[in-house]
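One-based numbering, in listed order, for ligands and for the atoms of each. What you are looking at is a predicted structure, and each value in this text was computed from that prediction instead of being measured.
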Amino acid sequence: MKKALAAFTVAFSACLASGVSAQSLTVGFSQIGSESGWRAAETTVTKQEAEKRGIDLKFADAQQKQENQIKAIRGFIAQGVDAILVAPVVATGWESVLQEAKEEEIPVILLDRQIEASDDLYLTAVTSDQVHEGKVAGDWLVKDIGDKPCNVVELQGTTGSSPAINRKKGFEEALASHDNIKITRSQTGDFTRTKGKEVMESFIKAEGGGQDICAVYAHNDDMAVGAIQAIKEAGLKPGSDIKIVSIDAVPDIFKAMAEGEANATVELTPNMAGPAFDVLEAYLKDKTEPPKWIQTESKLYTAADDPMAVYEAKKDLGY
Ligand code: GYE
């Protein structure tokens with residue numbers, strides 16, 4: 001607490017001297033990396049939201065490594081920041097570093113992923129309902145396939161991350177009462193296009209050239225775009241020979257839809273920071289406690305939703 005107080009005193013007097021509002025906050029942001037177009041957009045929007053509010057954002061990119069995130073959080077604590085945002089790459093291993101922040105009375109807000117730890121270690125989590133996202137994706141496939149037999153291959157997100165765990169769960173719930181649709185292969189593509197393509201190539205090789213694959217369920221659009229490239233290189237038609245359903249609603253999946261190469265995506269907003277900063281300012285002002293979970297919307301888009309218009313609307317948002 002002493003460190004934070006000393007840092008605050010310095011910052012406060014500096015603010016007064018510079019004439020900057022005494023309200024301006026310093027917030028540390030431990031970002032996972034830039035593994036996907038969606039994550040790049042989240043970073044862009046977070047910086048814009050901070051700018052709008054006059055918040056001094058200290059940004060740290062962890063290159064998808066938890067140890068780098070923990071190091072960054074410890075650095076923010078040492079700097080005596082007013083608050084910390086973290087997008088936790090995996091769901092476990094956060095207790096001790098979050099306890100250190102709690103002892104310094106530095107509020108922590110989780111963005112876009114949940115953790116398996118006591119919720120008194122963070123102020124709130126701003127995320128989608130990832131089980132619901134998987135269910136929406138699965139329900140779309142069930143409706144599209146009907147009673148036909150369908151072998152699905154699954155490209156999972158980062159192993160141990162809450163979206164990978166939950167999106168798998170939700171998709172399986174949707175398929176539970178439809179024995180004609182089966183997940184025959186499932187492997188992580190780590191939320192990246194490169195890995196998504198590599199894993200899809202291995203699935204195609206393992207499944208006799210891909211003739212028996214009816215659909216791809218990818219936990220994010222970037223892996224779906226990688227899979228689409230692999231399917232085309234194998235001489236098959238993505239979007240018709242092999243249906244493509246994924247999550248995020250990034251611009252490039254709408255381009256693929258417009259070309260008939262993708263079928264459905266579940267939208268995830270990149271603006272988690274707006275709600276986070278709103279509740280943080282209220283909390284720092286008068287200790288207003290936010291709910292432990294601020295849920296963002298999930299919306300299904302298909303090729304029937306004028307994909308090129310959606311692409312145009314999204315293409316300059318920082319993906
Ligand atoms: O779907 C993916 C990113 O944590 C929900 O992480 C987020 C996921 C998102 O790599 O594109």
Side-chain angles (χ1 to χ4, degrees), residues 29-46 61-66 68-69 85-92 94 109-116 122 124-138 154-171 187-197 199 216-228 244-254 256 262 264-273 275-276 293-301 314 317-319:
F29 177 23
S30 170
Q31 178 57 299
I32 291 172
S34 51
E35 74 284 357
S36 70
W38 181 88
R39 180 112 1 236
E42 183 188 54
T43 294
T44 302
V45 171
T46 301
D61 178 322
Q63 313 283 319
Q64 279 195 283
K65 292 187 172 60
Q66 182 176 31
N68 291 345
Q69 290 202 280
L85 304 181
V86 52
V89 61
V90 291
T92 54
W94 299 98
I109 295 183
L110 307 179
L111 297 189
D112 74 76
R113 294 186 185 177
Q114 300 274 10
I115 60 173
E116 288 162 23
Y122 54 88
T124 187
V126 184
T127 82
S128 55
D129 179 337
Q130 292 150 3
V131 174
H132 175 67
E133 291 169 329
K135 180 85 170 47
V136 168
E154 180 182 26
L155 294 169
Q156 294 183 35
T158 301
T159 303
S161 68
S162 68
I165 294 161
N166 295 330
R167 288 174 179 172
K168 179 170 192 48
K169 184 166 179 283
F171 188 78
Q187 196 180 322
T188 182
D190 214 12
F191 284 130
T192 71
R193 293 189 184 200
T194 310
K195 202 88 174 61
K197 182 172 187 247
V199 174
V216 177
Y217 166 50
H219 290 185
N220 81 333
D221 293 343
D222 283 68
M223 293 190 289
V225 168
I228 287 168
I244 310 286
V245 56
S246 54
I247 300 169
D248 278 353
V250 302
D252 283 351
I253 204 68
F254 291 98
T265 185
V266 183
E267 184 173 52
L268 176 72
T269 176
N271 186 5
M272 307 268 173
W293 181 29
I294 297 172
Q295 183 186 336
T296 60
E297 294 300 303
S298 305
K299 180 177 184 300
L300 177 71
Y301 281 91
K314 285 178 172 256
L317 298 182
Y319 286 90

So which heavy atom on [X] is nearest to which on [Y], and how close?
{"X": "W293", "Y": "T124", "value": "N-OG1, 3.6 Å"}
{"X": "A87", "Y": "R39", "value": "CB-NH1, 3.6 Å"}
{"X": "A249", "Y": "Y301", "value": "CB-CD1, 4.5 Å"}

Just need the protein heavy atom nearest to [atom], so name the residue and atom and give the distance.
{"atom": "atom 10 (O) of ligand 1", "answer": "E35 OE2, 2.5 Å"}
{"atom": "atom 5 (C) of ligand 1", "answer": "R167 NH2, 3.3 Å"}
{"atom": "atom 9 (C) of ligand 1", "answer": "D248 OD1, 3.5 Å"}

_My understanding is that only residues two or more places apart in sequence, or in another chain, count here; which of them pass ring-ring contact (aromatic ring centres under 6.0 Å, His included) with F191?_
none
*Indicate yes or no: does an N/O atom of R113 lie under 3.5 Å from an N/O atom of ligand 1?*
yes
*For R167, which of E133, E154, H219 qualifies under side-chain hydrogen bond (donor to acceptor under 3.5 Å, both in side chains)?*
E133
*Among N220, T192, D190, find the residue that satisfies the side-chain hydrogen bond (donor to acceptor under 3.5 Å, both in side chains) test when tested with T158.*
D190
Give the numbers and elements of all ligand 1 atoms closer than 4.0 Å to a heavy atom of [X].
{"X": "P163", "result": "4 (O)"}
{"X": "L268", "result": "1 (O), 5 (C)"}
{"X": "W38", "result": "11 (O)"}
{"X": "S36", "result": "2 (C), 3 (C), 10 (O), 11 (O)"}

*asked:* Using the rule given for side-chain contact (heavy atoms from CB on, under 4.5 Å), can you reason through L111 versus F29, listing the C-alpha separation, both sets of side-chain angles and the distance that settles it, and then say yes or no?
replied: CA-CA 10 Å; L111 297 189; F29 177 23; 3.9 Å; yes
*asked:* I'd like to know whether ligand 1 has I247 as a neighbour, heavy-atom separation below 4.0 Å.
replied: no
*Between the candidates D221, I32, V89, D112, which shows the shortest non-hydrogen contact distance to atom 7 (C) of ligand 1?*
D112
